[in-house]
Amino acid sequence: MLYREALNKAYDETMAKDENIVTLGEDVGRYGGSYRVTEGLYEKYGEKRVIDTPIAELSIVGNAVGMAIGGLRPVAEIMTANFALLAFDQIINHMSKLRYMSNGKLTLPMVVRFPQGVSRQLAAQHSESYEQMLCAVPGLKVLAASDVNYAYHALKHAIMSDDPFIFIEHELLYNKKGEVDTSSVIDPFKAQIRKEGEDITIISYLKMVDDVMLAVERIEKELDCTCEVIDLCSLNPIDYETLQTSIEKSSRVVMVEEDHKTGGFGAQVVAWIAEELFYALDAPPFRIAGADVPIPYNRHLELLSIPTPDSIAAQIIEWGRKNDV
Amino acid sequence: MLYREALNKAYDETMAKDENIVTLGEDVGRYGGSYRVTEGLYEKYGEKRVIDTPIAELSIVGNAVGMAIGGLRPVAEIMTANFALLAFDQIINHMSKLRYMSNGKLTLPMVVRFPQGVSRQLAAQHSESYEQMLCAVPGLKVLAASDVNYAYHALKHAIMSDDPFIFIEHELLYNKKGEVDTSSVIDPFKAQIRKEGEDITIISYLKMVDDVMLAVERIEKELDCTCEVIDLCSLNPIDYETLQTSIEKSSRVVMVEEDHKTGGFGAQVVAWIAEELFYALDAPPFRIAGADVPIPYNRHLELLSIPTPDSIAAQIIEWGRKNDV
Amino acid sequence: MDKLLAKEIYYEMFLGRAFEYAAKEYYMQGNISGFLHLDIGQEALSVASMKAFAKGDVFSTYREHVMAIARGIEPKYVMAELFAKADGVSGGKGGSMHLFDPSHFFYGGDAIVGGHIPNAVGCAYARAYQGSEEGVMVVFGDGATNGGAFFESLNIAATQKLPLLFLCENNEYAIGTHITRTAPFREQAKKAEPFMLTMSCDGMDAQAVYKSVSKAKDLIEKGHGPVFLEAFTCRFEGHSMSDANAYRSSLEMKHCKNKDPLPHFKKRLQEKWLCSEEEITALEQKAQSVIEEAVEFAKNANEPEDKALYEHIFVEA
Amino acid sequence: MDKLLAKEIYYEMFLGRAFEYAAKEYYMQGNISGFLHLDIGQEALSVASMKAFAKGDVFSTYREHVMAIARGIEPKYVMAELFAKADGVSGGKGGSMHLFDPSHFFYGGDAIVGGHIPNAVGCAYARAYQGSEEGVMVVFGDGATNGGAFFESLNIAATQKLPLLFLCENNEYAIGTHITRTAPFREQAKKAEPFMLTMSCDGMDAQAVYKSVSKAKDLIEKGHGPVFLEAFTCRFEGHSMSDANAYRSSLEMKHCKNKDPLPHFKKRLQEKWLCSEEEITALEQKAQSVIEEAVEFAKNANEPEDKALYEHIFVEA
Ligand SMILES: Cc1ncc(C[n+]2csc(CCOP(=O)(O)OP(=O)(O)O)c2C)c(N)n1
Ligand SMILES: Cc1ncc(C[n+]2csc(CCOP(=O)(O)OP(=O)(O)O)c2C)c(N)n1
Ligand SMILES: [Mg+2]
Ligand SMILES: [Mg+2]
């Protein structure tokens, strides 16, 4: 099954069970969704539940908030993360705060989904990552789906939960293949160990997890060590426990993320580690992240602006040599 | 002179010299500005240069971008940081990227000013801080004015620069008193050492600098040490050099900020320190920040949600004892 | 409108004004803080619209005390909220600008100008989807009609033919800036004309407001699609307690106060519904004592506990 | 419109289409990537509007290759941009959606639907402030008229009486969604009616576009305030190269292509301006060879150097 099909399955199964669940967004209905995530839902659930909206992101999220207040369980799709900026007022001033400001009288069971990240030459207005901003907002739960099974389970969880969720996808993952295990549910807030190892803990999420996995063999060979690769999965809350266990074992940590390094999401993870696990570390923590530039159109520059399996391997090897791994 | 008067003086002196400078925002004209920063400018420079806008923050910034393209030097005021969320598309997709996307063909000499932070019981939709988000955006320079002299010089610099600036003020600082030294200019990108010391480097910015200064005596007495207090002033770029010199001397660092701890701006500073100055540290770095909650209206809860001189002192003393300061 | 209702409306306008004066007093004494936006002068609009729209959901702004009370939320819980007490409608965490009570279908206090309008659109969508008999009313000021959120909402509500009543309180000012400086005309209903039926009424006249809102409610609930109603009104105080109101001349203020809805409606009570001076005095006294009790309640109510800081962010841990 | 201009318009429409077909070809061959939005079918609108608005500033969208060329930017620099080369108008860093050339007063390619409209408003403000004789034109699709940025701009431009021409390219679609599903009517000019003079024209007819844009330009520059012009048009391809165009029936496409502006205008060239077959063929051949040269140029142009990654973020270090 493809990642986008797993998401579609999560929609389908939840919508079949609960008719309060509706979805809304640009081209999600008749068109089937620009990344085909909502394909077939319009035909199956009708235009009242699969709602084609105007190009009005503020309203997409703002209406979803109102639907949730009115008793529905909306799932909003924003076509690309950059456009979500138009809805930041609704996400941050309303979606994340109404429950608290009302002292729990309002409940907002809703999800805002969007793809993000550097795809292929979509340039600066279509290539960004905003988890660093959204994870700084109390009142939102933020999940980032890096594989097929997680995508399915986590989206289902988010749709069925009574809390407001941001659900981040990556544009390059939609056609990723994998199995969905429906025999058991998973805890979407738990980080997943993608590969066990002893000497370096590599933390990542979303598409970068795949790139790290592609880099690991070379790193292990060149540094003669083993790496533990952790997929954070939930970006807020962060499963610090899993990180701690791994870092206490390895004593060394690398954080790999795609977004710009300055102010990036990884800073929060590294800051926490520096504060809480300082005495467990044998080497300085190390962040590998995107360059502090808007994303350029040219493919070569674009690839220079973000981590790649090669650059991840090269940087970790260099860092490892410098720090006696 | 008051902080707001220093800002007003920066406006006045630059506007008198260059008629391309215009300012726009809600109530900035006839009304004189909701925090009186633009007082008197309307009378002096007229309604074409001091422009009362509708309540349309997206347009305030979006129009400023267009004015800058058209050859003016706009200074936009957003009444309160929370409302700037409505302009995040313009700030992030346009203001920060147009120069880069046009390969330098467009120049955007513009400033977006706003007050932020916890004032007094203004509740969740009027009390936030967004430097953590704006400093994650390549293409913006971000200054935070914590005192009168800096406010004057830094705003003048931002207005006269050809680059796009975010200029952050704090609602509780507008009536702060101080002297403006017009005999020399200052480099707005340089961090300022507010107090020298040997044993602990305390980094802060904006209003928290004052709160740290109020806490320092108690900390020094109880821990029998001296503290160096650094005001970052420029949040992007960060003057890492000044931080490094201080931390290499003190070997211990505390970061104090008002915004929510998770994903807060301080994470970037602490992550950088952990990566670059790891071997210089004798104790884990320590962040003191706001709670991860929307800001409540009740005064007691509100004060519990942010650092205060007392809580700063108490936390640093506790951390110091635990880490053998 | 029968006598009973007329008396009720007068009572609630009087109650609302007494509430606002009390709020002002306790703001000055320091029991209330933050931004406090008084509704004085606009009570006809706030009360009569709520009476006409007695059922259905209401989304309002930061200037919502009187509406909240007219909706049926007891004044003491509103006052306790202003006093930041745990017994306030929002547990002391929302304050004056954030009064919420879903049990009264009141999702009051949004403090982002125009920000609640898309929420009301979404709620109207939910009501249509659920086949509810009631519609939704969203209240906002003239200043909000210049923002993108408002326009997107007109367009979506019209496209989807939602049961939504847009009620614009046109008091001609957004803080200190007059509407004619930020919009090309005085009547903001014009902006809605391409999208839906528009109506207007004298917002200082409770009867006119009641009639117009009733008619509009009927239309939206009979499947006519959204309706825009503009009510012209006037606030007597500054924008909030932080505003000195210096931008309005004493002449303008005099003109404004001549339209005071309370004496106006009181006169009608006497002339049209033949209320006696005693009946009216009884109402006024009752209102006064309700507000006094509300203040007492608020003063004596409990402060939130420290742990409230971390409560009610999420449903699930 | 005289014969010279008519020939020029035909030439540029033909040039534009040849450019787009070449872009399509090299996209399929992998030389061009990202989102590529072709203007095929809409050339009359793109070319004639630029000819009529020859001076003044133009702000456009991501579907702007033909406009950029008609504005006077040489096709080779546009093609080189699509090929992501250093010699492209935006140094290879912008790509198809981000063509900028201030020397031609073209601030083309914004890829946030509606996001450039407030920028155009600001620029019009600057021009009015500077006492410029030229106004500003902002081009956007029907889909953009549902967004808040558009409405805020109508309101501000009207309030400030700015020299701004709103040109709406109504091709009835926003990607795969028909305008009637997201707005309550087909004619988006209705939304502007409360604010300003509105006009409409057949966007498939270069002469009609030229006439309407000229008239609107004249009005805005004579102090009449902003004008809204809606041009009805039709795109022949999918929304971008990533869109299979499956939502339009072959009948709809046939109807659409029957309005092809090129043969239509060619016929008029022959009938009204008595152009000979040879004259026309010469224009077409010239256009073809310009595009061939543009492709050659783009192929052979230099890649940006690595250091370009960090260049032109700021003016000051
Ligand atoms: C998005 C946003 N921008 C600015 C403000 C600051 N502000 C609060 S009320 C107000 C004026 C609103 O005027 P209007 O809508 O006419 O309502 P009124 O207060 O007159 O009832 C402004 C500018 C805000 N709260 N939200
Ligand atoms: C704010 C925003 N939302 C969504 C998109 C994705 N998107 C790109 S073009 C488009 C359709 C635009 O339609 P229209 O304005 O009619 O222009 P057309 O492409 O038909 O010329 C959409 C939804 C975007 N680029 N920006
Ligand atoms: Mg008003
Ligand atoms: Mg279109």
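The structure presented is a predicted model; accordingly, all values stated were derived computationally and were not measured.
- Taking the six-membered ring for Trp and the full ring otherwise, Phe19(C) and His65(C) have centroids separated by under 6.0 Å.
- Contact of the Asp57(C) side chain with the Val138(C) side chain is not registered, since no non-hydrogen atoms from C-beta on lie closer than 4.5 Å.
- For the pair Thr61(C) and His116(C), the minimum side-chain heavy-atom distance is below 4.5 Å.
- Neither the backbone nor the side chain of Glu302(B) comes within contact range of chain C; no heavy atom of the residue lies under 4.5 Å from a heavy atom of that chain.
- With a threshold of 4.5 angstrom between heavy atoms, Ile32(C) approaches chain B through its backbone and through its side chain.
- Looking at Leu86(B), only its side chain comes within 4.5 Å of chain C, counting heavy atoms on both sides.
- Contacts between Tyr247(C) and chain B at a heavy-atom distance below 4.5 Å involve the side chain alone, from C-beta outward.
- Ring centroids of Tyr77(C) and Phe297(C) are separated by less than 6.0 Å, placing the two rings close together.
- Among the residues in residues 304-316 of chain C, those with a non-hydrogen atom closer than 4.5 angstrom to a non-hydrogen atom of chain B are Pro304(C), Glu305(C), Asp306(C), Ala308(C), Leu309(C), Tyr310(C), Ile313(C).
- Note: Leu301(B) leads Leu85(B), Thr80(B), Thr53(B), Leu301(B) in heavy-atom pairs under 4.5 Å with chain C.
- Aromatic ring centres of Phe100(C) and Tyr107(C): separated by at least 6.0 Å.
- You'll find the ring centres of Phe150(C) and Phe140(C) inside the 6.0 Å limit.
- Contact of the Arg4(B) side chain with the Tyr35(B) side chain is not registered, since no non-hydrogen atoms from C-beta on lie closer than 4.5 Å.
- With contacts defined as side-chain heavy-atom distances shorter than 4.5 Å, the pair Ile312(B)/Met208(B) qualifies.
- The contact between Tyr297(B) and chain C is made by backbone and side chain atoms together, counting heavy-atom distances below 4.5 Å.
- Looking only at heavy-atom pairs under 4.5 Å with chain B, the residue among Ser33(C), Gly147(C), Gly34(C) that has the most is Ser33(C).
- Ion pairing between Asp12(B) and Lys44(B) holds under the 4.0 Å rule for side-chain N and carboxylate O.
- You'll find the ring centres of His178(C) and Tyr173(C) inside the 6.0 Å limit.
- Of residues 110-123 of chain B, those residues lying under 4.5 Å from chain C by any heavy-atom pair are Arg120(B), Gln121(B), Leu122(B), Ala123(B).
- A heavy-atom distance below 4.5 Å is found between the side chains of Asp210(B) and Lys176(B).
- Neither the backbone nor the side chain of Leu58(B) comes within less than 4.5 Å of any heavy atom of chain C.
- The shortest side-chain heavy-atom distance between Met253(C) and Asn245(C) falls under the 4.5 Å cut-off.
- Two residues are said to be in side-chain contact when any heavy atoms from C-beta on lie closer than 4.5 Å; Glu169(C) and Asp142(C) fail this criterion.
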